[in-house]
Amino acid sequence: MKTISENRCFGGTQGVYSHTSAACACDMTFAAFLPDEAQHGPVPVLWFLSGLTCTHENAMVKAGAQAWAAEQGIALVFPDTSPRGDDVPNDAAFDLGQGAGFYVDATQAPWDTHFKMWTYVTDELPALLAKNFAVDMDRQSITGHSMGGHGALTMAMALPDRFRSVSAFAPICNPPQSDWGRKQFSAYLGEDERKWSAHDATALMADGGFDGPILIDTGTDDQFGELLGTEDFASAFFGCRQEGQIRMQKGYDHSYFFIATFIEDHIAFHAEALYS
């Protein structure tokens, strides 16, 4: 692992690191914030999965999460959203290829060699964190925005006992019924839609949901609202009597201004679960 930068931040350290990824067959970059408490022993971990076109940097810089994480004594991890590099396939569209990994393990060419973001986020990067940082991997929670909200919800429900809580900002909730999902799942996973359900938050919710609390915020003025599938997810959410909240925030859109407004709520929500 290579240290790209480390900066003092709210009494802790905000770092950016790179490493060679076996899962993605390329070098990957991620960011990690460690609060002051990490100097004295392992701290809980909150993952933040970013959305389309983002890197590790967007949420690290724009979400304003470090102040609240420092207050709660929680580490933050910001993975990249896809493999990158000259040898990694890409697409001219912003919603496929580099910057648009959709947190799945691709099985279709030309994506299947590098685009293994599910394995990277759920297996390889956690092992790297546990080896190199003072983090308590028995106390993990996860959140994300848009495509990252999709990743957070699906990982939380598909990996029982991994995460104590899950939240999301304007998540893509029902990708098989959306242009933000059908295009990418066809490219990465193939045309057999039966294979898509493992990465469909609405289907996973209807199949039993998450054994813990969920918090979702979506803006009433979200410019991508019709692509998110919030209504379908809400129906499944209430149908299985899931613990948690789905909140529609009046006047807010899809931007990081929206995330920065409610990030304090989300970190406090996760802190309650991580320290219970």
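Just so it is clear, the structure is predicted and the values come from calculations on it, not from any experiment.
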Contacts of Arg194 that satisfy salt bridge (charged side-chain N to carboxylate O under 4.0 Å, His left out) - sequence neighbours left out: Asp192
Cluster link Val88 to Tyr120, ILVMFWY, side chain under 4.5 Å: yes
Point-to-point distance, once rounded to the nearest 0.5 Å, from OG1 of Thr13 to CD of Gln66: 11.5 Å
Note: Asp265-Arg247 ion pair, threshold 4.0 Å (strictly below): yes
From Phe133 atom CZ to Leu34 atom CG, the distance as rounded to the nearest 0.5 Å: 6.5 Å
Contact summary for Ala75 and Val43, nearest pair of heavy atoms: CB-CG2, 3.8 Å
Intermediate values then yes/no, ring pair (Phe, Tyr, Trp, His ring centres under 6.0 Å), Tyr252 and Phe262: CA-CA 11 Å; Tyr252 286 90; Phe262 297 103; 5.0 Å; yes
Asp211 CG: over 12 foreign heavy atoms closer than 6.0 Å: no
Student check: side-chain heavy atoms of Ile259 and Lys62 closer than 4.5 Å: no
Positive for ring pair (Phe, Tyr, Trp, His ring centres under 6.0 Å) with His145, one of Tyr256, Phe169, Phe48: Tyr256
Check: Asp222 and Phe258 side chains under 4.5 Å, non-hydrogen atoms: no
Residue pair Lys2, Asp27: steps toward the side chain to side chain contact (heavy atoms under 4.5 Å, CB included) verdict: CA-CA 10 Å; Lys2 178 182 177 182; Asp27 287 344; over 6 Å; no
Min side-chain heavy-atom separation Leu128-Phe30 under 4.5 Å: yes
Same apolar cluster (I L V M F W Y, side chains within < 4.5 Å links), Tyr103/Leu96: yes
Ser186 to Gln108 - nearest heavy-atom pair and separation: O-CG, 4.4 Å
Any side-chain heavy-atom pair of His150 and Pro171 under 4.5 Å: no
Of all pairs that satisfy side chain to side chain donor-acceptor pair (under 3.5 Å), the ones with a partner from residues 266-275, not counting sequence neighbours: Ser165-His270, Ser167-His266, Ser167-His270, Asp217-His266
Parallel, tilted or perpendicular: rings of His254 and Trp180 (30°, 60°): tilted
Nearest heavy atoms of Met117 and Gly101, plus distance in Å: CG-CA, 4.3 Å
Pairwise side-chain contact, Pro83 with Met28, heavy-atom cut-off 4.5 Å (strictly under): yes
From CA spacing to verdict: ring pair (Phe, Tyr, Trp, His ring centres under 6.0 Å), Tyr188, Phe115: CA-CA 8 Å; Tyr188 296 146; Phe115 281 71; 5.6 Å; yes
Nearest-0.5 Å distance that lies between atom NZ in Lys116 and atom CG in Asp123: 13.0 Å
Value rounded to 0.5 Å, distance of NE2 in His114 from OG in Ser82: 11.0 Å
CD/Glu193: more than 12 non-hydrogen atoms of other groups inside 6.0 Å: yes
Rounded distance [0.5 Å steps], CZ in Phe102 versus CD in Gln184: 4.0 Å
Contact summary for Glu124 and Cys24, nearest pair of heavy atoms: OE1-N, 4.5 Å
Between CG on residue Asp200 and CD on residue Gln177, distance to nearest 0.5 Å: 7.5 Å
Joint hydrophobic cluster, Phe78 plus Met155, side-chain heavy atoms closer than 4.5 Å: no
Asp105: partners by salt bridge (charged side-chain N to carboxylate O under 4.0 Å, His left out), with sequence neighbours left out: none
Closest approach of Trp196 to Pro176 (non-hydrogen atoms, all atoms of both residues): CE3-CB, 3.9 Å
From Asp80, Thr29, Thr81, residue fulfilling side chain to side chain contact (heavy atoms under 4.5 Å, CB included) relative to Thr55: Asp80
CD (Glu57) with more than 12 external heavy atoms under 6.0 Å: no
Side chain to side chain, Ile267 and Leu46, heavy atoms closer than 4.5 Å: yes
Distance-minimising heavy-atom pair for Phe233 and Ala201: CE1-O, 3.7 Å
Side chain to side chain contact (heavy atoms under 4.5 Å, CB included) partner of Asp95, chosen from Thr53, Leu52, Asp179: Leu52
Co-membership, hydrophobic cluster, residues Leu49 and Phe210, 4.5 Å side-chain: yes
Hydrophobic cluster membership, Met205 vs Ile216, 4.5 Å side-chain cutoff: yes
Validation row: Pro175, His199 side chains within 4.5 angstrom (heavy atoms): no
